[in-house]
Amino acid sequence: MKKFFRNLFSGYFLIIFLLLIELVFFIFFQFFFEAVVEIVLNQINESGTTDTVKWIVSGTYLFLRTLAFFFSLIIFFKIINRHEDPEFKIPWIVGMLLLPFSFSILFLLFGNHGLKKSDRIVVDATRNAYNAHFKLNKLKEEEYEDELGRAVGTFRYISNTTELGVHKHNRVTYYKTGEEFFPDMLESLKKAKEFIFIEFFIITDGELWNQTKDILIQKAKEGVDVRIIYDDMGCSGTISARTPRILGKYGIKCFKFHPFKPILSGVYNNRDHRKIVIIDHQMAFTGGMNLADEYGNIIKRFGYWKDTMVKIEGSAMNNLIATFLQNYDLCAQSVSDYNKYLGYQYPRYDDEGFVMPFGDGPGGIDDALIGEQNYINILNYAKKRVFISTPYLVPTYQLLDAMRNAALRGVEVNLILPGIPDKKPIYAVAKSYFSWLIKSGINIYTYTPGFNHMKTILADDELAFVGTINFDFRSLVHHFECGTLLYKNHCMRDIRKDFDEMIAESQKVPSNFKLKLGTRWFCSIVKIITPLL
């Protein structure tokens, strides 16, 4: 029963549940209002009321209907003229044609992919705070153009949209499992002397969180500046709602990101899906893992849990520091002293590769869908082969088409999905794309040991991305995400080896794959509302 309610009030299901409640309310209100007016008019006719009263009632009703019509018309043209992907417009347009007034109200509440005005003010202030530092980095990028070769456009795109820098002479360590990552993270936390920044989508009570919490409390007692952000909806039912207050007693600054309120708004659809751990200026961790026991395979959920992280040592840490502080400042509604953290002189490591961590977010922060375009740029870069790992496959059409185009121009495209899914309805939607992708020449594999939560892409064994961004609308459009773009680093060999080992343990989807008729109908209905979720 506890598991049922935890799933019911998890991110996806809670949003769908609230959206349905609001939709039902407005549909009921629209039909109830019209029914009441009709009853009133009938009673007036039967009672022999004067023509003046009839005219007032009828005129008022006509005025309200006309007002609602023009209101819906304005919203309709607003939807048509928005500068965004047509996929996001279609569900609203269909709804407007069926129930204009109801969907007009819903659009005002949920049509916003961005931030509240107060949050945008903070974001603008934070960008101004770190811009001066990264503008100096822009000068270095010109020196790197020849070395980056064909990858220069991929890095330049991230630089121009996030205003962060590309870095060289950093050391990158790749962790292919939670069993490798968490012991290193815990030992590293114990060595902190100045500050610890932690940001996770999910933190779950258990062995890993208890160990981490004990270390953080001890470090706070030693005078270390400890800051934590976690997503309120992501952690619904996984840790105590009093966690910020409990940790605050020890001097730890802890915030829930976008605390859930019983107000239906698109703002609360924008969750913090990032995973970042920063320790002094010594190292930073980022990737796909949350702070929960299943990620370290201490407990079993959906078979073996596969995920990846990277550790970054060197100047590229500044990108993650700026990314973390921006969300922290959103929570605290303040602006941190960025110069205090970004002015550090990092050592140079012998790795000649390039490293560029970055954050992605809703329209209020970045007008572009950075995560989506980053994946498309990597797919377009590939000439020989691409490996893609994602737990969810509900992509935008542009991303789906980029995968298909890569395969059609002769690139070997290998896509790895979970063998045991965590959300069966969403996995059914993913399967609806299989036949179309396979016909294009894409190899699709399901990771037999269990749930593949890894969000990693590798092109031609030299350009890679390790991060939090799934191939679905929630990650690509609504969530705050992060990740690291890598080029010709030593860890490329480890990433390629990991993909080879995964494919060896996976089952290839046959070329004659077909969905059952009922599942096809279900997927066709779900896809209508997918862009809104």
Side-chain angles (χ1 to χ4, degrees), residues 171-190 198-204 206-212 215 238 273-279 283-313 320 355 357 387-392 414-422 445-458 461 464-471 475 481-484 486 489-507:
R171 184 161 61 196
V172 182
T173 304
Y174 177 76
Y175 302 95
K176 66 179 182 179
T177 64
E179 293 92 320
E180 292 182 359
F181 164 64
F182 286 111
D184 196 4
M185 182 199 76
L186 292 171
E187 287 303 311
S188 299
L189 287 171
K190 294 175 183 178
I198 293 178
E199 183 173 7
F200 281 106
F201 176 58
I202 296 172
I203 299 175
T204 302
E207 184 178 325
L208 288 173
W209 172 232
N210 288 335
Q211 290 185 53
T212 302
I215 295 170
T238 65
H273 197 239
R274 294 174 180 172
K275 290 93 178 174
I276 298 173
V277 178
I278 305 169
I279 302 169
M283 67 196 72
F285 301 93
T286 188
M289 297 188 197
N290 288 299
L291 190 53
D293 286 352
E294 60 265 30
Y295 288 82
N297 286 292
I298 296 169
I299 62 172
K300 294 295 180 183
R301 292 186 66 208
F302 314 110
Y304 184 82
W305 200 289
K306 177 74 174 76
D307 212 337
T308 56
M309 296 285 282
V310 291
K311 177 170 68 176
I312 299 168
E313 299 168 273
L320 286 174
V355 184
F387 295 92
I388 304 168
S389 172
T390 180
Y392 310 113
N414 303 289
L415 173 63
I416 308 175
L417 293 161
I420 303 176
D422 66 333
Y445 299 90
T446 55
Y447 182 64
T448 307
F451 182 55
N452 169 34
H453 192 255
M454 167 180 165
K455 311 99 162 39
T456 303
I457 182 170
L458 174 65
D461 297 345
F465 172 80
V466 179
T468 67
I469 307 174
N470 298 312
F471 275 51
S475 275
E481 305 281 356
C482 68
T484 304
L486 301 162
N489 305 89
H490 293 327
C491 67
M492 292 295 168
R493 293 188 295 270
D494 298 326
I495 297 174
R496 173 58 194 272
K497 183 180 178 183
D498 190 21
F499 272 115
D500 287 340
E501 290 174 353
M502 288 182 70
I503 287 178
E505 294 183 287
S506 299
Q507 183 176 357

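Model, not experiment: these values are computed from the prediction.
Across all non-hydrogen atoms, the minimal contact from Pro183 to Gly178 is CD-O, 3.9 Å. When every heavy atom of Val172 is checked against every heavy atom of Val355, the shortest pair comes out as CG2-CG2, 3.6 Å. Taking each heavy atom of Pro391 and Phe451 in turn, the nearest pair found is CB-CZ, 3.8 Å.
Looking only at distances, no side-chain donor or acceptor of Asn452 sits under 3.5 Å from a matching main-chain atom of Gly419. Put simply, the side chain of Thr468 never gets that close to the backbone of Gly288: no donor and acceptor are under 3.5 Å apart. The closest donor-acceptor contact from the side chain of Lys306 to the backbone of Lys176 lies under 3.5 Å. Without hydrogens or angle criteria, Thr456 side chain to Ser389 main chain gives no donor-acceptor distance under 3.5 Å. The main-chain N or O of Trp305 is found under 3.5 Å from a side-chain atom of Asn297 such that the two form a donor-acceptor pair. Side chain of Asp293 to backbone of Ile298: no donor-acceptor contact under 3.5 angstrom is found.
For the residue pair Gln507 and Thr448, no side-chain donor N or O sits within less than 3.5 Å of a side-chain acceptor on the partner. A donor atom on one side chain and an acceptor atom on the other are not found under 3.5 Å apart for Asp498 and Tyr175. Side chain to side chain, Lys455 and Asn470 meet the donor-acceptor criterion of an N or O pair below 3.5 Å.
In this pair, Phe387 and Phe499 present their aromatic rings parallel. The plane angle is below 30°, not in the 30 to 60° band. Ring geometry for Tyr295 versus His453: interplanar angle over 60°, hence perpendicular rather than tilted (30 to 60°).
Enclosure of atom NZ in Lys497 is not indicated, since only 12 or fewer non-hydrogen atoms of other residues, nucleotides or ligands lie within 6.0 angstrom.
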Report task. Verify side chain to side chain contact (heavy atoms under 4.5 Å, CB included) between Val277 and Leu189, making sure each step is shown before the conclusion. Result -> CA-CA 9 Å; Val277 178; Leu189 287 171; 4.2 Å; yes
Requested in this report: Test side chain to side chain contact (heavy atoms under 4.5 Å, CB included) on Thr204 and Trp209 and set out the steps.
Outcome: CA-CA 7 Å; Thr204 302; Trp209 172 232; over 6 Å; no
Query raised in the report: What do the steps show when you test Asn414 against Ile388 for side chain to side chain contact (heavy atoms under 4.5 Å, CB included), and what is the final call?
Result: CA-CA 6 Å; Asn414 303 289; Ile388 304 168; over 6 Å; no
Query raised in the report: Hey, mind stepping through Thr238 and Ile203 against side chain to side chain contact (heavy atoms under 4.5 Å, CB included) and telling me if it holds?
Result: CA-CA 7 Å; Thr238 65; Ile203 299 175; 5.5 Å; no
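A 4.5 Å side-chain heavy-atom check between Met502 and Tyr445 finds every atom pair outside the cut-off. Taking the side chain as every heavy atom from C-beta outward, Asn290 and Lys275 approach each other to under 4.5 Å. For the pair Ser506 and Tyr447, the minimum side-chain heavy-atom distance is below 4.5 Å. When side chains are defined from C-beta on, Thr173 does not count as touching Phe285, because their heavy atoms never get closer than 4.5 Å. Residues Ile276 and Cys482 are in side-chain contact: their nearest non-hydrogen atoms beyond the backbone lie under 4.5 Å apart. Under the 4.5 Å side-chain criterion, counting only non-hydrogen atoms from C-beta, Thr212 is not in contact with Phe182.
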